[in-house]
4 protein chains.
Amino acid sequence: DRPMTLFGGMNVLESRELALEVAEQYVEVTSRLGMPYVFKASFDKANRSSMHSYRGPGMEKGLEILAEIKSRFGVPIITDVHEPHQAAAVAEVADVIQLPAFLARQTDLVVAMARTGAVINVKKPQFLAPHEMRHIVAKCGEAGNDRILLCERGSSFGYNNLVVDMLGMAEMKDTGLPVLFDVTHSLQRPGGRADSAGGRREQVFDLARSGVALGLAGLFLEAHPDPDNAKCDGPCALPLDQLEPFLRQLQSLDSLVKGFAPLDIR
Amino acid sequence: DRPMTLFGGMNVLESRELALEVAEQYVEVTSRLGMPYVFKASFDKANRSSMHSYRGPGMEKGLEILAEIKSRFGVPIITDVHEPHQAAAVAEVADVIQLPAFLARQTDLVVAMARTGAVINVKKPQFLAPHEMRHIVAKCGEAGNDRILLCERGSSFGYNNLVVDMLGMAEMKDTGLPVLFDVTHSLQRPGGRADSAGGRREQVFDLARSGVALGLAGLFLEAHPDPDNAKCDGPCALPLDQLEPFLRQLQSLDSLVKGFAPLDIR
Amino acid sequence: DRPMTLFGGMNVLESRELALEVAEQYVEVTSRLGMPYVFKASFDKANRSSMHSYRGPGMEKGLEILAEIKSRFGVPIITDVHEPHQAAAVAEVADVIQLPAFLARQTDLVVAMARTGAVINVKKPQFLAPHEMRHIVAKCGEAGNDRILLCERGSSFGYNNLVVDMLGMAEMKDTGLPVLFDVTHSLQRPGGRADSAGGRREQVFDLARSGVALGLAGLFLEAHPDPDNAKCDGPCALPLDQLEPFLRQLQSLDSLVKGFAPLDIR
Amino acid sequence: DRPMTLFGGMNVLESRELALEVAEQYVEVTSRLGMPYVFKASFDKANRSSMHSYRGPGMEKGLEILAEIKSRFGVPIITDVHEPHQAAAVAEVADVIQLPAFLARQTDLVVAMARTGAVINVKKPQFLAPHEMRHIVAKCGEAGNDRILLCERGSSFGYNNLVVDMLGMAEMKDTGLPVLFDVTHSLQRPGGRADSAGGRREQVFDLARSGVALGLAGLFLEAHPDPDNAKCDGPCALPLDQLEPFLRQLQSLDSLVKGFAPLDIR
């Protein structure tokens, strides 16, 4: 059980400057901690509640920014793909391409992404049981790609609420595939604000601790220097100035639980 | 409150011959009943659990079959759209274009569909609260289209189960938009079979009665002459030979409840 | 399939006078409709959210009022039992004794109630699957009582919300036991007000129609002449002056669906 | 933040001998670990699915066994109360008296328990939102008792499944009251076996880690020397021979997280 990797960054690319600033912070902190790191940001938020909400710079401009971050800081990149025709272009820049939760069953998208040969991060849909993730994995495999990450981000619990089923997340580890925990989106309150999702960022450390205690391959995190003014999902974002103590403490937790002796329970 | 419209047909187009046979049956029965009718079939099942499952004839061939049904029987057509680039072509044949539940928040798809000017049937996502449907309606409106139908098809209830929230369906009527009830998909047991969804077709009449009793604009229904050998969602399909008694009795129910005097309850 | 029976009355006994007034109304309306009728009221609300909430007159005084209603109007009585020692006394007055939902698994209470020989109305707990009701029925049977009614009153759906699973209610009919639908409590929003449950009484007719359309043995209903000032569950109560049009229309619905020919769907 | 207390023992008292054996093991292990410890066992399982299931020795005999354990090992005792008349007798032996989840809203039981002056462990009902626990706390307070523990044991998630809402458990800490985590019952699959609940004991260490990572006042645990032959809830029980490595590792986790510096997130 190797130390967890951080898939961290920001929700949506706002400006090039801000992206560089955020990336720099992540790189500095993860370097100091010796924590494996992948930079995350989206070039398009394709399913905002409202048409008036900010969507991002788009694929072309967004990939430019991501490529700049990749070369300047020497870090791998993860970003999401929304339509089959985007997969190849995204995979030229991104090392890990992400299948969004709502789209995780769209066969054409899965196949187009699989064919790029990039590592694929499959977000578990809020409506799917953990054991059903194997269907998506099988689709990728049949398209020739078995470099899959599985990522928990909460399950629908009644209306306008999510719950993270820790037993389900642990169950996904039994696939043998690396399991990530997207703590930020798991904090969402869908439909919680007048025209966008709410969130519970004041509980981000609680939820992250609870997930990391399972011994995960990676943590997925979004932060922002000014969450109240973030252009998307600010209610869930970690304030960037808390990144170091946040990660440092989770790292010690990760290290502890990965040293645990397995119990013999049948 | 006008009599309900039937949006009925089959899950996926299998062969041209079968489609014509099914359409003919629906047309005959609804004609005898004087029930407004729209033929439904999908040209592509874009999110099957398994890659080995049948997806359909594809858009081009599928639209040909739908166009033939439309002209031969003189009935309007409803079918679903999966990617933005399909919207215009589909709207040339289909009178009502359908936004799939898992995709209902994809802004580009919503806008592309809205711009066709066709009537749009919005399937309510299994993860969405009824009151959040207004966001999707607003997106359509801002793209210049307010000819919207809202369609209930069940909400996630734990893993591998759906529940139809009748209070939520009734609440959607308060939008003033026509509300449909997709009784067939509401019978699904997601992940209920080894590599596809299960279903409870033996309860289709129960659930249809319960929904129609609310006084709806329309019922959405899939039938098949041989459900056990249907290529998709057979476990939920009405046996086609039961169509007439099924509809005849629901029609009398629809007629009864639409004659009800409103109560004065505040 | 005989016409449905109304188990109707008020939530909690407030004053003797009010109870008589409510009973009189129910008796008059159901007589005019020729609808079989059982009067319902609780002598104690044993699980209010707050200690400051009104609980009722208690068992002794409450049974006096119920006995008076029974003899004056010649109607059977249903009321609930909360502790084993109450069962025998309650069964001397009540024809149907009710097992509360939260208590439905308490073996001593079930056995004590079963031993009275009275008909038992088992409220389905909000946390129980329909198929698990057979365990409670079996307990009654082993205590020598198989005169059981099963009563749906909603299932937990996330926090602070209930949903009525119509498929589950229909499934309970397969036991062969009479199935009732408690429409009033199914309207609750648990924890919905500062110190008590909220409700959606403006939707009582919607939900009742949806349930009655299944063809049920009975409807369970609470009404109040002034719901806003009812001492318990006013947010769910039907205004008493709407009782006649409410029941008359449901009666026609019940009559219609009970005349339906069964479909042959396997 | 003091080190967590273990409320550990067995589900139901089977024989005096077994209870002594189990208690001895717990006492030895917790002594070696220096972990504060309270012995737990039930004298009656009052809500088994089936009447044929073992219920326990009853209150009188059960309290004798508990008293013997208390005096022989010098440990405090926790056990549950099912009816108001039992509260005083139980509180003479037990230091902590437990309010069962299904009964947690029964006012008479809450008041009777509160009046004993004993510490009360309130199990959170599977149907209750975390924020509603304050109503139960208020009832105890109004009966003169504010020595309350709050205990998470999972929430209904669809039928026949529970989920532990870690955010909700963390939220309960905001009351300022000690929060316990009943990991064993949270593993239940209600209705999961033909006539009793199933469970996932092979995941007990996963779930315990996830909960303890929040920094809790206590862990509630049931173990058995032979879980497959335990008379109640064996599918959830920790094999007793795994107790020491289980607790030792959780203790290091508890110690780590309680040393964490709080983050400044608003």
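From a predicted model like this one, the values you see are computed outputs, not experimental measurements.
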request  = Tell me, out of A:V110, A:T107, A:L162, who's got the most heavy-atom pairs with chain B below 4.5 Å.
outcome  = A:T107
note = Between the CG atom in A:D108 and the CG atom in B:D44, the distance rounded to the nearest 0.5 Å is 6.5 Å
task = Rounded to the nearest 0.5 Å, what's the gap from CD on A:E142 to CE on B:M51? Could you check?
result = 5.5 Å
ask   = chain A contacts: which residues in residues 77-93 of chain B have a non-hydrogen atom closer than 4.5 Å to it?
value = B:E83, B:P84
note = In this structure, CG of A:L128 is separated from OH of B:Y159 (nearest 0.5 Å) by 9.0 Å
task = Pick out which of B:S156, B:P125, B:S155 makes a side-chain contact (heavy atoms from CB on, under 4.5 Å) with A:F127.
result = B:S156
inquiry  = Please rank B:G168, B:P100, B:P130 by heavy-atom pairs under 4.5 Å with chain A and give me the top one.
reply    = B:P130
task = Output yes when A:R134 and B:D195 qualify as a salt bridge under the 4.0 Å nitrogen-oxygen rule, no when they do not.
result = no
ask   = In Å, rounded to the nearest 0.5 Å, how long is the span from CD of B:Q106 to CZ of A:R48?
value = 13.0 Å
inquiry  = A:N47 vs B:L103, test: side chain to side chain contact (heavy atoms under 4.5 Å, CB included). Steps then yes/no.
reply    = CA-CA 9 Å; A:N47 60 15; B:L103 305 180; over 6 Å; no
ask   = Where does B:V111 contact chain A at under 4.5 Å (heavy atoms): side chain, backbone, both or neither?
value = side chain
ask   = Do B:S49 and A:R105 come within less than 4.5 Å of each other through their side chains, counting heavy atoms only?
value = yes
note = Closest non-hydrogen contact found for B:N160 with A:E132 is OD1-OE2, 2.9 Å
query = Hey, is CZ on A:R115 packed in by over 12 heavy atoms from elsewhere, all under 6.0 Å?
reply = no
Minimal non-hydrogen separation, B:H131 against A:G191, with atom names = CE1-O, 4.4 Å
